[in-house]
2 protein chains.
Amino acid sequence: MRAQASPPKDRADRETGLVPRGAKASDTAMAQHNPRTRIQAKNRETILDAALEVFSLHGFRGATLDMIATEAGLSKPNLLYYFPSKEAIHVTLLSQLMDTWLDPLRDLDADGDPIAELRAYVRRKLELSRHYPRQSRLFANEIVQGAPRMQAALASDLKTLVDEKSAVIQDWAKAGRIADVDPHHLIFSIWALTQHYADFDVQIRAVLGDARDPLAEAEGFLDTLFTRLLAP
Amino acid sequence: MRAQASPPKDRADRETGLVPRGAKASDTAMAQHNPRTRIQAKNRETILDAALEVFSLHGFRGATLDMIATEAGLSKPNLLYYFPSKEAIHVTLLSQLMDTWLDPLRDLDADGDPIAELRAYVRRKLELSRHYPRQSRLFANEIVQGAPRMQAALASDLKTLVDEKSAVIQDWAKAGRIADVDPHHLIFSIWALTQHYADFDVQIRAVLGDARDPLAEAEGFLDTLFTRLLAP
DNA sequence: CGTCCGATTGACCATTTGGTCAAAAACCAA
DNA sequence: TTGGTTTTTGACCAAATGGTCAATCGGACG
């Protein structure tokens, strides 16, 4: 996909898609996430929700504009009135995602009780998996395929935050308040375990059968796991 | 994709692709994985290896026959001489995968030392992530998107094996030889943690920076984690 | 050396798909 | 009601893509 046989006219520097094609060129910087009209706000939201559904289920290439349009109850050209391209929809979704996704880690409080803070982090992360499985899968799809549209964000925003919180965790470990484990890998293990329940949902349900509630059980299991791991 | 606007002639009952189009129709049952000629064996292997590379990196829909052909150094029609369709290549890869993937769990020995057995299982699983990251990602791609081509296998082969080994683990727990944890979730956690290092490789490297060796570090970390979790 | 059969491919084809566009419809302020 | 501005869409288009096929190539064996 990337830079395929360059099209007639270079499109890299067209509109950003943050505002419909026809809109007046005022308020350029401001109001980008502040659509001018009620209807714009509603339709953009409708489209993004439909796109999340479709992208998370089929991946970027597997999703078609027609599927998204149908899901959104709009016509294809109408989608492209609100977003300049399929990729623009995807990118919008991805950047929204990063924010939500990192919130639980941001909330890790250096001044709180170490064990309680980390257990709460696990719980918050698992809540995201429970309530936003589509986002989790969208993210997984992107990362598994090499994060072609997110690498920049990973190496900057994400790394910065993780390094910062890792330092906090390391301090806790040095002070003997939690066991001495590698903070980065601790964070990775939290991601791996919590996201697994959203991303591999079908597999888990296939193995567990229909009578059980994976997410509910996971909460207790993960709490035990991290409590034992972190005890000084 | 599935059963899209039914094509002119139904294709469901064509050849299986286990043998090239032109091959004689003898030895039907036997020799399916025993290509007749040296060159057939070599080319099928070449194709599957190229396909693994491409599918694991782009997903089923994201991969094109041209990409696979180029990667394999063959022409597109030549690919389709060895496999009847793109999907047939994918399915072949997937079924090969299931076998390799479950081997480490099969090796879990009910008569061995519980802690040692489980630690060894983790180590074997991590080795798979290290040596076969492409397979891991192929699998992840498939599962994340709802396992459209694997559900049957998951609900039968996989469930059977997991249930069997879960019983073993539960016995160990009941006998007080390991901590009392839910065996299914224990297995899920092993999958989640080990596969994460293959599937989310880009993310991990982005956060860790280039100087570190994630997989090597993971071995120690996971050993610690499971040792602490399982201690009676 | 010729023959036969498996292997290979260039040229094609039908469908799908992202995207365009001009015109029509819906909205809205005066 | 009118005139201008957003929204919406039917009809298209070009490129990409999975797949076909007739024709050619190649090597092993008699």
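Only this structure's heavy atoms are used, side chains among them; waters, hydrogens and symmetry mates stay out. Naming convention: chains lettered A, B, ... in sequence-line order (proteins, then strands); numbering from 1 in each chain.
The OG atom of S136(A) sits 3.5 Å away from atom CG of D199(A), with the distance rounded to the nearest 0.5 Å. Annotation: the span from S166(A) atom OG to D182(A) atom CG amounts to 7.5 Å, rounded to 0.5 Å.
For P77(B), counting side-chain heavy atoms from C-beta on, the closest listed nucleotide (dG19(D), dC21(C), dT20(D)) is dT20(D).
On a pure distance criterion of 3.5 Å, no polar donor-acceptor pair joins the side chain of K86(A) and the base of dG19(C).
Within the 4.0 Å cut-off from OP1 or OP2 of dT8(C), at least one side-chain nitrogen or oxygen of Y82(B) is found. Here Y81(B) does not reach the OP1 or OP2 of dT8(C): none of its side-chain N or O atoms lies under 4.0 Å away. Side-chain N/O atoms of Q40(B) include none lying less than 4.0 angstrom from OP1 or OP2 on dG6(C). Remark: R61(B) is not in phosphate contact with dT17(D), judged by side-chain N or O atoms under 4.0 Å from OP1 or OP2. At dT7(D), none of the side-chain N or O atoms of N78(A) fall inside 4.0 Å of OP1 or OP2 (strictly under the cut-off).
Less than 4.0 Å separates DNA chain C from at least one heavy atom of each of the following residues of residues 63-74 of chain A: A63(A), T64(A), L65(A).
Per the geometry, CD1 belonging to I39(A) stands 17 Å off P belonging to dA25(C), to the nearest Å. Residue F83(B) contributes atom CZ, which lies 13 Å from atom P of dG19(D) at whole-angstrom precision. In this structure, H90(B) atom NE2 and dT17(D) atom P are separated by 16 Å, rounded to whole Å. Atom CD1 in I89(A) sits roughly 15 Å away from atom P in dT17(C) (whole-Å rounding). Distance L79(B) CG to dT17(D) P: 14 Å, rounded to the nearest Å. For the pair N43(A) CG and dT9(D) C1', the interatomic distance rounds to 14 Å; values are reported in whole Å. In this structure, L80(A) places its CG atom 12 Å from C1' of dC21(C), rounding to the nearest Å.
D99(A) and R106(A) are joined by a salt bridge, as a carboxylate oxygen and a charged side-chain nitrogen come within less than 4.0 angstrom of each other. A salt bridge is defined here as a Lys NZ or Arg NE, NH1 or NH2 lying under 4.0 Å from an Asp or Glu carboxylate O, and D103(B) with K125(B) fails to meet this definition. Under 4.0 Å is where a charged nitrogen must lie from a carboxylate oxygen, and between K42(A) and E45(A) no such pair does.
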Atom pairs and distances, side-chain donor-acceptor, residues 51-60 of chain A, under 3.5 Å, sequence neighbours left out:
unit_1 : atom_1 : unit_2  : atom_2 : d
E53(A) : OE1    : R134(A) : NH1    : 2.9
S56(A) : OG     : L52(A)  : O      : 2.8
S56(A) : OG     : E53(A)  : O      : 3.1

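No close placement of the F83(A) and H90(A) rings is indicated, their centers lying 6.0 Å or farther apart.
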